[in-house]
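For this chain, numbers begin at 1 and follow the sequence in order. These numbers were taken from a predicted model, which means no experiment stands behind them.
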Amino acid sequence: MTPRGTPSEPSSEERPYTHEMVVVHRVFRRESALLPRLVRAVADGATAHAAHVSAYLDDYLAGLHHHHAVDDELIWPLLRARAAADDLVTQMERQHERIDQSLAVVAQWGPLWGRSADSVAAQELSLALDEHRSVLLEHLDDEERLVLPLVAGHLTVAEWDLVGRRGLETLPKNKVMLALGAILEDATEQERAHFLGKVPLIGRLLWKALGRRQYAAACRAMRAPLTEEAGR
């Protein structure tokens with residue numbers, strides 16, 4: 001008998017679609033690779049360009065922080081309670097701490113560089129972002145390999161859907177289309193259909209009419225220096 005308040009293990013038909021997190025992780029993998037390159041592409045003293053990239057970095061940091069806060073709040077406690085996963089959850093929490101430590105160095109240099117576009121600050125910031133990505137990728141790999149199978153076996157579909165909804169709660173309305181574009185950019189056709197299927201009709205219409213162009217324009221503006229550099 002299942003204790004009251006503790007859902008039984010979901011059947012195969014009721015299992016959460018945890019591949020959603022793999023697709024979201026793909027965004028952090030891509031952006032963490034782009035950011036040090038974007039910093040290095042800013043000319044010494046080009047403060048307007050540095051401010052633009054710095055704002056982009058701030059959005060990345062806020063998104064990653066919120067993503068991990070949702071893990072801490074909604075996933076780890078349930079896995080501790082249901083999957084006898086204390087050691088694994090502790091490992092994940094320690095990895096979050098290492099990521100936070102790597103981001104503390106980014107935060108040390110990011111604002112200074114964003115204001116000054118100083119070449120020394122740029123070098124320190126880009127190196128800090130390289131180190132951050134190394135720590136981040138280890139965590140994402142372990143989470144996908146070790147945690148997601150436990151989530152599929154021990155969380156209900158409703159609990160998993162709450163993780164997704166909570167992940168969108170702090171997103172400003174003017175950045176919803178950009179966030180959707182970031183998720184869809186490297187998605188397969190099947191993944192695109194799944195994520196767009198979760199968007200309300202009005203949102204799908206807005207994406208088709210405006211969002212795709214808005215996201216493409218934002219990517220061109222941000223990544224133009226990298227494209228120019230590759231063409232030299």
- Query: Is Arg192 reaching over with its side chain to a backbone N or O of Ala187, donor-acceptor style, under 3.5 angstrom?
  - Reply: no

- Angle class for the His67/His25 ring planes (parallel below 30°, perpendicular above 60°, tilted otherwise)? perpendicular

- Can you check whether Thr90 reaches Arg80 side chain to side chain, under 4.5 Å on heavy atoms? yes

- Message: Please report the interatomic distance CD1(Ile75) to CG(Leu78), rounded to the nearest 0.5 Å.
- Response: 8.5 Å

- Item | For Arg145, salt bridge (Lys or Arg N to Asp or Glu O under 4.0 Å) partners two or more places apart | Asp142

- Query: Is it true that Arg166 and Glu169 make a salt bridge, defined as a side-chain N closer than 4.0 Å to a carboxylate O?
  - Reply: yes

- Query: Just by distance, do the side chain of Trp160 and the backbone of Tyr17 share a donor-acceptor pair under 3.5 Å?
  - Reply: yes

Check residues 201-211 and write down every donor-acceptor pair under 3.5 Å in which the side-chain atom is one partner and the other belongs to a residue at least two apart or another chain.
from	atom 1	to	atom 2	distance (Å)
Arg204	NH1	Val199	O	2.5

- Query: Considering all heavy atoms of both residues, which atom of His132 and which atom of Ser102 are nearest to each other, and what is their separation?
  - Reply: ND1-OG, 3.0 Å

- Message: Would you say that Asp118 contacts Leu112 through its side chain, given a criterion of any heavy-atom pair below 4.5 Å between the two side chains?
- Response: no

- Gap separating the CZ atom of Arg82 from the OG1 atom of Thr156, nearest 0.5 angstrom: 6.5 Å

- Item | Nearest heavy atoms of Ala152 and Pro16, plus distance in Å | O-CD, 3.6 Å

- Query: Distance-only, no hydrogens or angles: does the Ser54 side chain make a donor-acceptor pair with backbone N or O of Ala51 under 3.5 Å?
  - Reply: no

- Query: Can you check side-chain contact (heavy atoms from CB on, under 4.5 Å) on Leu79 and Leu88, steps first, answer last?
  - Reply: CA-CA 9 Å; Leu79 291 185; Leu88 177 58; 5.7 Å; no

- Query: Can you say whether the rings of His68 and His139 are parallel (under 30°), tilted (30 to 60°) or perpendicular (over 60°)?
  - Reply: perpendicular

- Below 4.0 angstrom, N of the basic side chain to O of the carboxylate: do Asp186 and Arg26 qualify? no

Distance-only criterion, 3.5 Å: show the donor-acceptor pairs between side-chain atoms of residues 172-182 and protein atoms not counting sequence neighbours.
from	atom 1	to	atom 2	distance (Å)
Lys175	NZ	Asp59	OD1	2.7
Lys175	NZ	Asp59	OD2	2.9

- Message: Quick check for you: to the nearest 0.5 Å, what is the distance between Leu136 atom CG and Gln95 atom CD?
- Response: 10.0 Å

- Query: Is it the case that more than 12 heavy atoms not belonging to His65 sit under 6.0 Å from its NE2 atom?
  - Reply: no

- Neighbour count >12 (heavy atoms, 6.0 Å) for atom CZ, Arg30: yes

- Query: Is a donor on one side and an acceptor on the other found under 3.5 Å between the side chain of Arg40 and the backbone of Gln123?
  - Reply: no

- Note on the structure: The single option from Leu127, Val135, Leu129 that satisfies side chain to side chain contact (heavy atoms under 4.5 Å, CB included) with Glu131 is Val135

- Answer yes or no: are there more than 12 heavy-atom neighbours, outside Arg98 itself, under 6.0 Å from its atom CZ? no

